[in-house]
2 protein chains.
Amino acid sequence: MQDISTDGNGQGRIRQENEKRIMKAAEKVFAQNGFRGATTASIAEEAGLPKANIHYYFGTKAKLYRAVVDDIVALWLSSFREITANDDPASTLADYIRAKMDLSRTRPEASRVFANELIRGAPRIKPYLEGDLKDWVESKAAILDMWVEQGKMAPVDSKRLIFHIWAMTQTWADFEVQWASVLGRQDGLQDADFDKATDAIISTVLRTCGLLPLPSRRHATEMPLTV
Amino acid sequence: MQDISTDGNGQGRIRQENEKRIMKAAEKVFAQNGFRGATTASIAEEAGLPKANIHYYFGTKAKLYRAVVDDIVALWLSSFREITANDDPASTLADYIRAKMDLSRTRPEASRVFANELIRGAPRIKPYLEGDLKDWVESKAAILDMWVEQGKMAPVDSKRLIFHIWAMTQTWADFEVQWASVLGRQDGLQDADFDKATDAIISTVLRTCGLLPLPSRRHATEMPLTV
DNA sequence: AACTTACCTGACCAAATGGTCAATTCTTGC
DNA sequence: GCAAGAATTGACCATTTGGTCAGGTAAGTT
């Protein structure tokens, strides 16, 4: 006989399938409406199940939300294992930016749930921000600083650089509609748009770190700028 | 006798004061909960007025929201007049970033209402995005391109550079709690934090444009990187 | 086949929500 | 000081919301 707890994730086949289905629907609805704005009825409709079914599996809206957010935090953390010690700065940074942009393209709803949570002051994930995330930032900033020490790259404000990489990569998920509108993409951003954005972010970051030669200017009438 | 339209902004003294008061409260509540999640009751409480009073001045929640959003769009647009033709690229960009960061620091709630709207797919402001904002971006990108043509700065992807300036500046308003948590600021970000962030963004942008000499590396054991 | 457990869901409920309204008080121009 | 419009608000209402529950069906185990 298998242990199937009521609220956790038991291992009943049907249960697993339905929980996944509900969480996918919930992620979408929470992303679009935030916790307070989302209704269990609309989540049920999105999942193609009667509302009572949602409560059967998750109990309350708050617990369902918690499950969705925890899932996303786990995704975030797993994507963070990237940057490691004595790699090459340029390729490591570029790889990390590419990984982050892939998440923005493939899991925009997850990013938006997270964004909603932050805009609201992160009542439910502050411990994560002050714990795992803070630790991660500090350890990665230390690596950047070490690279600077070793003369592998130009001095930078390492923490702000990390923050700004997140800002630039996540804006393409969170505010996609803004960039699509401004670029005139009626059907939303295409893969090519993400590629172009990725290149632009990599250029910006590598130039910030002095890791990318500046293309020569059109009219070479001025002195070189850089040391 | 003065013309006081019911829904617009008549010039009754009391009316003006109360409308301002309600909109301020509404901005805060909408920022924290989005349109659907905000309740007229909580807006009323925040404003220190009975709920019926809110309806007396604005009719419906939707009209109030519209008024708040329009106000913010106007603020946004006015902050956009900045970048003009044949200025000096470096100081113009730096000034613009400083202005945008000042908005993030002084009007974070406005930024968050806007962010909420974008996350939701911008149902109510798409015309603005596809109109005024698109035009603004195109005209300013043209100026950047002109500077490149004139050899005043290195070639850049001008539109993405603008997008990323927004992303970096607005993240300090929209996701303040995240950065405060990671930096260990228990009482929220301080002015010094914004100053440091502003410097970091300016450095990144100017280096991207080849407008800032790179500080020399610690160990000058390698060849200069830039052309 | 019998039995146990997981799964399903229509019908229901109390609370919250956006909005209305009529009665009352406050302002203001004359 | 007084009439006319502006402002105020408690009480009320229809609808929506999160959540419950009883009575059922399907699935697995022996």
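For the numbers below, each heavy atom of this structure counts, side chains included, while hydrogens, waters and symmetry mates do not.
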Side-chain donor or acceptor of A:Glu117 paired with backbone N/O of A:Arg124 under 3.5 Å:
yes
May I ask you to verify if any side-chain N or O of B:Tyr56 is less than 4.0 angstrom from the OP1 or OP2 atom of C:dC21?
no
The residue, B:Ile14 or B:Thr60, whose nearest nucleotide of DNA chain C is more 5′ is B:Thr60
Look at A:Arg15 and C:dA6 and indicate whether a side-chain polar atom (N or O) is within less than 4.0 Å of OP1 or OP2.
no
Parallel, tilted or perpendicular for B:Trp166 and B:Trp136, by the 30°/60° rule?
parallel
Does a side-chain N or O from A:Asn18 land closer than 4.0 Å to OP1 or OP2 of C:dC8, or not?
yes
Could you tell me how far apart A:Glu17 (CD) and C:dC7 (P) are, to the nearest whole angstrom?
11 Å
side-chain N/O B:Arg36 vs D:dT17 OP1/OP2, d < 4.0 Å:
yes
In terms of relative ring orientation, are A:Phe114 and A:Tyr128 parallel, tilted or perpendicular, with 30° and 60° separating the classes?
perpendicular
Atom-pair distance (CG on A:Leu49; P on C:dT9), nearest Å:
7 Å
So with a 6.0 Å cut-off around NZ of A:Lys28, is the heavy-atom count from everything else above 12?
no
When the distance from OH of A:Tyr57 to P of D:dT20 is rounded to whole Å, what number comes out?
17 Å
Provide, to the nearest angstrom, the distance between the CG atom belonging to A:Asn33 and the P atom belonging to D:dT17.
10 Å
Of the options D:dT9, D:dG19, C:dG19, whose atoms approach the side-chain atoms of A:His55 most closely?
D:dG19
With the side chain defined as heavy atoms from C-beta on, A:Lys61 is closest, among C:dC8, D:dT8, D:dG18, to D:dG18
Pick base, sugar-phosphate or nothing for B:Ala38, based on heavy-atom distances below 4.0 Å to the nucleic acid.
sugar-phosphate
Just the rounded figure in Å: distance from C1' of C:dC7 to CZ of A:Arg21.
13 Å
Going by the angle between their ring planes, with limits at 30° and 60°, are A:Phe35 and A:Phe30 parallel, tilted or perpendicular?
parallel
What is the distance from CD of A:Glu19 to P of C:dC7, rounded to the nearest Å?
9 Å
Check the distance between D:dT9's C1' and B:Lys51's NZ and give it to me in whole angstrom.
12 Å
Could you say whether A:Thr40 or A:Ala52 is positioned toward the 5' end of DNA chain D, judged by the nucleotide with the nearest heavy atom to each?
A:Thr40
Would you indicate, yes or no, if D:dA7 has its OP1 or OP2 atom less than 4.0 angstrom from a side-chain nitrogen or oxygen of B:Arg13?
no
To the nearest angstrom, the CG-P distance between B:Asn53 and C:dC21 comes to 17 Å
